[in-house]
Participant: 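Would you mind keeping the following structure in view while I ask a few things?
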Amino acid sequence: MEHAWLMGHDATRIEAERLSFLSLLDATLPADAAKVALAQRIDSKIAHASLLTISTFDGDGTRAANARLRAHWHLNLCRDMLLDS
């Protein structure tokens, strides 16, 4: 979401998907797993931001394209978990 804002893109869809995913997570996650899930979410956010940064700013076209494909793949994996996607 932050990447979309920084790049001047509309983040409305991404924000809605994020909220839907968080609702799904909250509804299905056992309370005793909340800390682990939060740590995984933070790790995933950092990794995804890294991929988006590489895909946008890396001078190596092949590396940038691979990062873009991987970022989209991971995002689509999350989208596939949502019923209304």
Side-chain angles (χ1 to χ4, degrees):
M1 200 163 48
E2 290 86 356
H3 185 78
W5 294 334
L6 291 171
M7 300 308 296
H9 302 297
D10 183 13
T12 305
R13 177 182 176 197
I14 296 169
E15 189 170 2
E17 290 171 343
R18 179 185 166 276
L19 292 174
S20 294
F21 193 80
L22 288 176
S23 294
L24 176 64
L25 191 61
D26 287 342
T28 59
L29 186 69
D32 62 341
K35 286 183 181 180
V36 172
L38 180 59
Q40 289 174 335
R41 284 183 48 218
I42 292 168
D43 289 346
S44 296
K45 179 180 177 178
I46 292 168
H48 198 256
S50 178
L51 288 173
L52 292 173
T53 299
I54 292 167
S55 72
T56 304
F57 300 110
D58 197 289
D60 181 343
T62 301
R63 185 169 186 240
N66 286 338
R68 188 175 308 108
L69 287 172
R70 191 168 190 152
H72 284 289
W73 185 86
H74 285 289
L75 188 58
N76 287 332
L77 185 64
C78 291
R79 285 179 174 146
D80 288 345
M81 291 184 219
L82 301 175
L83 295 176
D84 61 350
S85 62

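Hydrogens, waters and symmetry mates play no part in the numbers below; they use all other heavy atoms, side chains included. Note that the structure is a prediction, hence the values are computed from the model and not measured.
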Participant: Look up atom CD1 in I14 and atom CZ in R79, then write down how far apart they are to the nearest 0.5 Å.
Facilitator: 6.5 Å
Participant: With a cut-off of 3.5 Å and sequence neighbours excluded, list every side-chain donor-acceptor pair involving residues 24-44.
Facilitator:
| from | atom 1 | to | atom 2 | distance (Å) |
| --- | --- | --- | --- | --- |
| T28 | OG1 | L24 | O | 2.9 |
| S44 | OG | Q40 | O | 2.9 |

Participant: Could you work out, with salt bridge (charged side-chain N to carboxylate O under 4.0 Å, His left out) as the rule, every residue matching R70, not counting sequence neighbours?
Facilitator: none
Participant: Does A49 offer a backbone N or O that forms a donor-acceptor pair with the side chain of T53 under 3.5 Å?
Facilitator: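 Yes.
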Participant: Which atom names give the shortest non-hydrogen contact between S55 and A67, and what distance separates them?
Facilitator: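 Looks like N-CB, 3.9 Å.
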Participant: Could I get the full list of side-chain contact (heavy atoms from CB on, under 4.5 Å) partners for R63, not counting sequence neighbours?
Facilitator: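 I54, D58, D60.
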Participant: Please round to the nearest 0.5 Å and tell me the distance separating atom NZ of K45 and atom CZ of R18.
Facilitator: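 Reported to 0.5 Å precision, the distance equals 7.0 Å.
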Participant: Measuring from atom CZ of R68 to atom CG of L52, what distance do you get when rounded to the nearest 0.5 angstrom?
Facilitator: 10.0 Å
